[in-house]
Amino acid sequence: MALVAARSKSVIFVKRDLLRYLRKTFPRFLANGTIVTEQGNPKSKKRWRKGKEKKPPSWTDDVSWEERLADVVTPLWRLSYDKQLELKQQNQEKILSQLSGHLSGDSPVRDKLSFPVLPVLPSPVRDGYRNKSTFSVNRGVDGNPKTVGFYVGTGRKGNIVCVSGDHLLNMPQKHKLVARCYQDFIRLSSLEPCLLFHTGGHWREITVRTNKEGRTMAIVYFHPQSLTRAEVAVHKAELVDYFTQGPGSVCQLDSLYFQESSMTRCTHEQSPYQLLYGQPHINEEILGFKFRISADAFFQVNQAAAEVLYATVRDLCVPNTEQDGGQTKAGGTLLDVCCGTGAMGITISPRVDKIIGIELIEQAVEDAKHNAALNNVLNCEFISGKAEAVLPGLISQLSFAGRGLTVVVNPARAGLHHRVVRALRNQPAIRRLVYVSCKPDGEAMRNFKELCCDPNSQKKLTGEAFSPTLAVPVDMFPHTPHCEVVMLFESCILLRLQWSWCDCWRTQIMEPQILQGLLSSASLSCLCQLHGISEEHI
């Protein structure tokens with residue numbers, strides 16, 4: 001209870017001065033000069049339940065199949081963009097109030113937030129923003145099993161219909177063109193589509209990846225069934241000929257990949273991606289840095305909004321400090337967990353001394369290393385492996401030489417493994433943790449609670465708790481209810497130091513040099529900005 005009381009006192013101090021700090025350090029976050037700290041909607045009488053299934057939309061007979069698909073893939077497509085952002089803001093506040101209620105011990109239905117939630121940062125591009133789309137193959141509205149598009153209905157109810165995505169607002173025209181050409185190709189092919197693995201067939205879905213320059217990669221998935229290698233080779237040659245010499249050449253593919261697989265999803269290691277034509281990679285640019293994208297590498301699906309997201313993460317991990325008209329380097333070490341192709345770490349690298357990234361997919365690690373070399377970034381190291389296996393030993397080996405450790409995590413929807421959370425909680429050198437989540441009401445919420453709960457010996461969470469101090473939603477997915485949320489957590493030790501720091505400075509109870517050794521350079525800079533004190537005097 002003492003920890004909870006201390007945390008509450010610390011949060012009060014942080015909230016008191018946070019607006020002035022944000023205006024100085026993150027001016028673009030505050031479009032209207034306000035911070036939302038409480039929901040405006042009436043309190044709901046229904047308790048939030050994890051994993052509660054949403055009812056599928058119901059349509060009348062006069063609603064077209066195209067409209068039905070748009071309602072499934074882009075549920076907010078009928079609304080203005082301002083209204084979409086308003087709904088997303090309300091939704092994120094409602095979700096994050098669960099965390100506030102949990103930490104305060106109150107009922108989770110309460111709407112009050114104990115930390116600021118900034119207004120949703122809009123996407124610079126709202127239509128045709130997706131740089132990756134996967135099109136399925138199944139029976140269409142006319143019954144043709146060789147229809148390429150997206151599903152309306154469910155397999156459980158046996159009412160799946162595959163509908164063309166030509167009208168979807170979030171799909172670029174190039175993706176739609178490749179999907180139409182692939183449909184034409186498989187309808188010309190003598191092979192049947194693979195609708196269900198146990199019923200036979202071969203042609204499966206196609207993934208299309210593009211960059212902002214229009215470079216295009218297509219990946220065709222194929223079930224070999226009982227075909228020999230020679231027979232498969234014939235159909236691969238037909239596919240290449242169609243997209244390079246035939247009608248599909250209108251797509252102007254830069255890369256054409258082929259993956260044989262008897263599983264729904266598999267990695268490059270399980271079943272290699274075969275480059276049938278063109279370049280092995282396409283490149284994308286984020287915040288002035290170039291990144292190589294492989295066939296199965298993760299990359300944010302909205303490049304323009306990704307720049308907003310990464311700039312937000314960068315500023316929360318290492319606040320921008322300027323001196324004599326130029327930017328100064330904060331220094332320290334940044335640990336990038338679930339780093340993917342290294343984009344977040346590389347964009348932050350100019351502000352820190354060292355970046356260490358951890359990623360499960362080996363090909364993504366190779367891409368990350370290539371990306372660092374491509375951008376002449378020399379202070380990045382990338383490690384391949386499961387974060388729960390690598391992180392505990394890695395953290396114990398690191399030496400921070402008096403500087404704090406900042407961590408950024410960007411896990412998949414499954415969230416962080418409990419061993420990763422344990423390693424983060426039990427490392428006292430971590431002063432600041434930035435968590436990026438595309439689904440904060442899912443497993444990420446479990447991570448949030450474990451990061452912030454009181455020490456628990458049964459869960460082996462013996463370290464000092466973190467406290468949420470700021471949430472920044474970023475709209476990565478216009479026309480859908482989803483958005484990314486960037487959560488800033490700070491060590492409760494640091495918050496208690498911050499709470500008493502101003503009084504210590506003014507009353508000279510503690511020498512500033514002692515505080516300098518306790519705080520990370522980034523946090524010290526923040527405090528100096530908060531209280532109008534020059535770092536030169538410390």
Side-chain angles (χ1 to χ4, degrees), residues 31 41 52-95 119-138 140-142 147-154 157 159-180 182-183 205-210 212 299-309 413 437-442 473-485:
N41 288 346
K52 186 177 180 180
E53 290 188 6
K54 295 181 180 179
K55 292 183 179 180
S58 57
W59 300 284
T60 57
D61 292 340
D62 60 340
V63 177
S64 68
W65 284 103
E66 288 75 18
E67 289 178 296
R68 297 182 191 191
L69 177 61
D71 287 340
V72 172
V73 179
T74 52
L76 306 184
W77 69 280
R78 302 175 191 270
L79 303 178
S80 69
Y81 190 58
D82 287 342
K83 184 62 176 178
Q84 293 183 31
L85 293 179
E86 181 182 340
L87 290 177
K88 293 187 181 192
Q89 182 74 31
Q90 294 172 359
N91 186 42
Q92 294 307 314
E93 291 175 15
K94 182 178 180 180
I95 292 170
V120 178
L121 299 180
S123 171
V125 178
R126 295 154 195 181
D127 294 335
Y129 60 83
R130 291 192 64 91
N131 56 34
K132 180 182 179 182
S133 304
T134 297
F135 299 86
S136 300
V137 178
N138 215 302
V141 177
D142 60 356
T147 300
V148 176
F150 300 92
Y151 291 163
V152 175
T154 63
K157 294 184 178 180
N159 62 349
I160 286 180
V161 177
C162 193
V163 181
S164 167
D166 278 357
H167 60 289
L168 294 176
L169 294 178
N170 60 347
M171 297 287 167
Q173 293 300 322
K174 191 63 170 293
H175 292 202
K176 299 172 183 178
L177 175 61
V178 175
R180 289 196 299 270
Y182 182 59
Q183 176 176 279
E205 64 261 33
I206 182 171
T207 294
V208 185
R209 306 190 75 154
T210 51
K212 66 180 181 181
F299 203 81
Q300 296 290 346
V301 299
N302 184 339
Q303 183 273 339
E307 293 201 323
V308 178
L309 176 69
R413 291 192 176 189
S437 174
C438 63
K439 190 174 174 58
D441 56 338
V474 181
D475 186 18
M476 299 288 294
F477 317 102
H479 309 302
T480 80
H482 310 295
C483 65
E484 297 271 342
V485 175

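For the single chain, residues carry numbers from 1 onward in sequence order.
Contact between Gly165 and Lys176 at its shortest, heavy atoms only, is O-CE, 3.5 Å. The shortest non-hydrogen separation linking His167 to Glu67 is NE2-N, 4.4 Å. Across Leu69 and Ser164, no two heavy atoms sit closer than the pair CD2-O, 3.4 Å. Taking both residues in full, the closest heavy atoms of Val163 and Trp65 are given as CG1-O, 4.0 Å, listed atom of the first, atom of the second, then distance. Across all non-hydrogen atoms, the minimal contact from Thr480 to Leu76 is O-CD1, 3.2 Å. When all heavy atoms are compared, the tightest approach of Ala305 to Asp475 is CB-O, 3.7 Å.
Checked against side-chain contact (heavy atoms from CB on, under 4.5 Å), Thr207 has the following partners two or more places apart in sequence or in another chain: Lys132, Thr134, Arg209, Ile219, Tyr221. A search for side chain to side chain donor-acceptor pair (under 3.5 Å) contacts involving Glu205 returns Arg265, not counting sequence neighbours. Residues passing the ring pair (Phe, Tyr, Trp, His ring centres under 6.0 Å) test with Tyr182: none are found, sequence neighbours excluded. Legend: residues meeting side chain to side chain donor-acceptor pair (under 3.5 Å) with Thr147, ordered by chain and number and at least two apart, are Arg187. In this structure Trp77 satisfies the side chain to side chain donor-acceptor pair (under 3.5 Å) test together with Asp71, sequence neighbours excluded. Evaluation of the side chain to side chain donor-acceptor pair (under 3.5 Å) rule for Asn131 yields no partner, not counting sequence neighbours. In this structure, the salt bridge (Lys or Arg N to Asp or Glu O under 4.0 Å) partners of Lys439, at least two apart in sequence or on a different chain, are Asp441. A search for side-chain contact (heavy atoms from CB on, under 4.5 Å) contacts involving Ala306 returns Ile286, Gln300, Met476, not counting sequence neighbours. Annotation: salt bridge (Lys or Arg N to Asp or Glu O under 4.0 Å) contacts of Arg130 (sequence neighbours excluded): none. Remark: Phe150 engages Phe135 in a ring pair (Phe, Tyr, Trp, His ring centres under 6.0 Å) (not counting sequence neighbours). Shown here are the salt bridge (Lys or Arg N to Asp or Glu O under 4.0 Å) partners of Lys83, two or more places apart in sequence or in another chain: Glu86. The salt bridge (Lys or Arg N to Asp or Glu O under 4.0 Å) test applied to Asp166 returns Arg180, not counting sequence neighbours.
Side chain of Tyr151 to main chain of Ser136: no donor-acceptor pair is present (N/O by atom type, distance under 3.5 Å, no hydrogens or angles). At least one donor-acceptor pair closer than 3.5 Å links the side chain of Tyr81 to the backbone N or O of Ser123. With hydrogens and angles disregarded, no donor-acceptor distance shorter than 3.5 Å links the side chain of Arg413 to the backbone of Cys438. No donor-acceptor pair under 3.5 Å is formed between the side chain of Glu484 and the backbone N or O of Val474.
Between atom OG of residue Ser133 and atom NZ of residue Lys174 there is a gap of 12.5 Å, rounded to the nearest 0.5 Å. Distance check, rounded to the nearest 0.5 Å: NZ of Lys88 to CG of Leu121 gives 12.0 Å. Rounded to the nearest 0.5 angstrom, Leu85 CG and Gln92 CD are separated by 11.5 Å. Rounding to the nearest 0.5 angstrom, the gap separating the SG atom in Cys483 from the CG atom in Asn302 is 12.5 Å.
Using a 4.5 Å heavy-atom cutoff, the side chains of Leu87 and Gln84 are not in contact.
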